[in-house]
Amino acid sequence: MGTRSALWSFANKFFTCGVIGVYVSDRFVGVAPVRGSSMSPTLNPGTTSLMGLAIDDYVLVEKRCLQNYKFSHGDVVVFSSPSNHKERHIKRITALPGEWIGTRHSYDVLKIPEGHCWVEGDNSSSSLDSRSFGPIPLGLVQGRVTHIAWPPQRIGAVEKRTPQDTISSS
Amino acid sequence: MASRYIREFLASEAFKKAGREVSDVVPRLVKFLCCLQVTKTHLFTVTLSYGPSMLPTLGLAGNLCLAERISTRFEKLGVGDIVLVQSPEVPWKFMTKRLKAMEGQSVTYFVDPKNSDKSETIVVPKGHVWIEGDNIYESNDSRKFGPVPYGLLQGRVFWRIWPPKDFGSLAQNKGKDSVS
């Protein structure tokens with residue numbers, strides 16, 4: 001009887017911690033790994049390694065911004081890919097709704113529709129971003145990256161960088 | 001004088017009892033609210049749908065419906081399901097629409113059913129779905145903003161709980177063509 005009640009109280013505590021953990025990671029802050037080098041040198045610069053293996057950065061993702069979807073230029077965001085909803089990408093917002101963006105390879109400008117944003121990776125040579133799939137709906141954004149949490153020598157805030165190639169805002 | 005009263009109050013039995021009650025109730029309340037939120041974001045949610053776009057399935061005045069998020073997550077959605085979609089134009093707005101085509105399927109739609117019979121056929125691109133309201137004459141859906149990414153789907157609406165006379169499942173006319 002004693003072991004059973006101990007087991008029960010352990011299960012109860014485990015469940016409580018799990019639920020609170022899930023709630024916090026849904027609503028306030030979560031941790032996500034960074035894969036690939038599309039955001040290098042801001043994330044995954046490829047310099048940190050352990051015994052020859054490159055370690056991925058882990059970042060803190062803040063979810064409070066999803067209450068009102070207010071973003072600013074240069075925010076690094078996590079979003080689910082428009083072509084495969086199971087994939088998460090981390091990119092930088094370079095244009096917000098109503099602004100004009102010029103694409104580098106073609107010389108035309110296009111206007112970001114209402115409720116969409118333009119995302120680009122910092123490493124433009126190896127990045128799958130809005131230049132290939134166009135503006136993404138803000139509803140796909142899952143959170144804003146604020147800090148690098150791991151590895152320890154790279155702990156620090158992720159700075160906002162304002163882009164240079166937006167033409168004007170209307 | 002006042003500080004003496006405060007000290008006496010803090011030492012009194014009633015204060016200690018109240019403190020014990022608070023420390024007993026607050027964790028339970030926190031736990032309950034967390035459970036509620038987790039259920040809402042991962043299992044079921046209640047949604048209020050109103051407006052003319054889903055007539056005659058859902059009425060004008062506002063229906064309270066239950067939506068589940070499990071089939072969205074595990075991709076068990078089929079053509080004809082009523083889904084809860086985050087609007088691609090206004091990210092904090094949610095719409096209730098019917099799923100017309102999944103990725104890779106072709107869909108034929110009336111461009112402007114009020115004025116002409118002109119129809120167009122497109123193939124839904126990868127990772128996207130095509131959604132339409134049942135009332136094609138007054139609905140703001142994929143015919144206006146094109147296919148929406150699957151990531152914007154929030155759940156499948158399956159049960160109506162208000163008004164009480166229509167209480168019940170919403171799956172009965174699944175698959176029936178609402179255009180005819």
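Being a predicted model, the structure only gives us computed values, none of them experimental. Here is how names work: the chains are called A, B, and so on, in the same order as the sequence lines, proteins then strands, and each is numbered from 1.
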Task: Where P149(B) and P137(A) come nearest, the two heavy atoms and their spacing - done: CG-CG, 4.1 Å

Atom pair [atom1] ([X]) and [atom2] ([Y]), whose distance is rounded to the nearest 0.5 Å:
| X | Y | atom1 | atom2 | value |
| --- | --- | --- | --- | --- |
| Y69(A) | K93(B) | OH | NZ | 14.0 Å |
| K70(A) | W92(B) | NZ | CH2 | 6.0 Å |
| H85(A) | R73(B) | NE2 | CZ | 10.0 Å |

Are [X] and [Y] connected in the hydrophobic side-chain network, where two residues link if heavy atoms are under 4.5 Å apart?
| X | Y | value |
| --- | --- | --- |
| V119(A) | F71(A) | yes |
| L48(B) | W159(B) | yes |
| V76(A) | W118(A) | no |
| F158(B) | F167(B) | yes |
| I93(A) | V158(A) | no |

In terms of heavy-atom proximity below 4.5 Å to chain A, should [X] be classed as side chain, backbone, both, or neither?
| X | result |
| --- | --- |
| Q86(B) | side chain |
| E75(B) | side chain |
| P88(B) | both |

Task: Interface residue of largest heavy-atom contact number with chain A, from P91(B), G151(B), C34(B), under 4.5 Å - done: P91(B)

- [ ] Kindly determine whether N84(A) and K126(B) satisfy side chain to side chain contact (heavy atoms under 4.5 Å, CB included), including the steps that lead there.
- [x] CA-CA 7 Å; N84(A) 182 359; K126(B) 185 175 182 298; 4.3 Å; yes

Which bit of [X] is near chain B, if near means a heavy-atom gap under 4.5 Å: side chain, backbone, both or neither?
| X | value |
| --- | --- |
| S83(A) | both |
| F79(A) | neither |
| P113(A) | neither |

Task: Flag if over 12 foreign heavy atoms under 6.0 Å of CG, D117(B) - done: no

TODO: Give a yes or no on this: more than 12 heavy atoms of other residues, nucleotides or ligands lie within 6.0 Å of atom CZ of F32(B).
DONE: no

Open item on the list: Checking an interface table here. Which of residues 138-147 of chain A come within a heavy-atom distance under 4.5 Å of chain B?
Closed with: L138(A), G139(A), L140(A)

- [ ] For each of I20(A), V22(A), D26(A), tally heavy-atom pairs with chain B at distances under 4.5 Å, and name the one with the top tally.
- [x] D26(A)

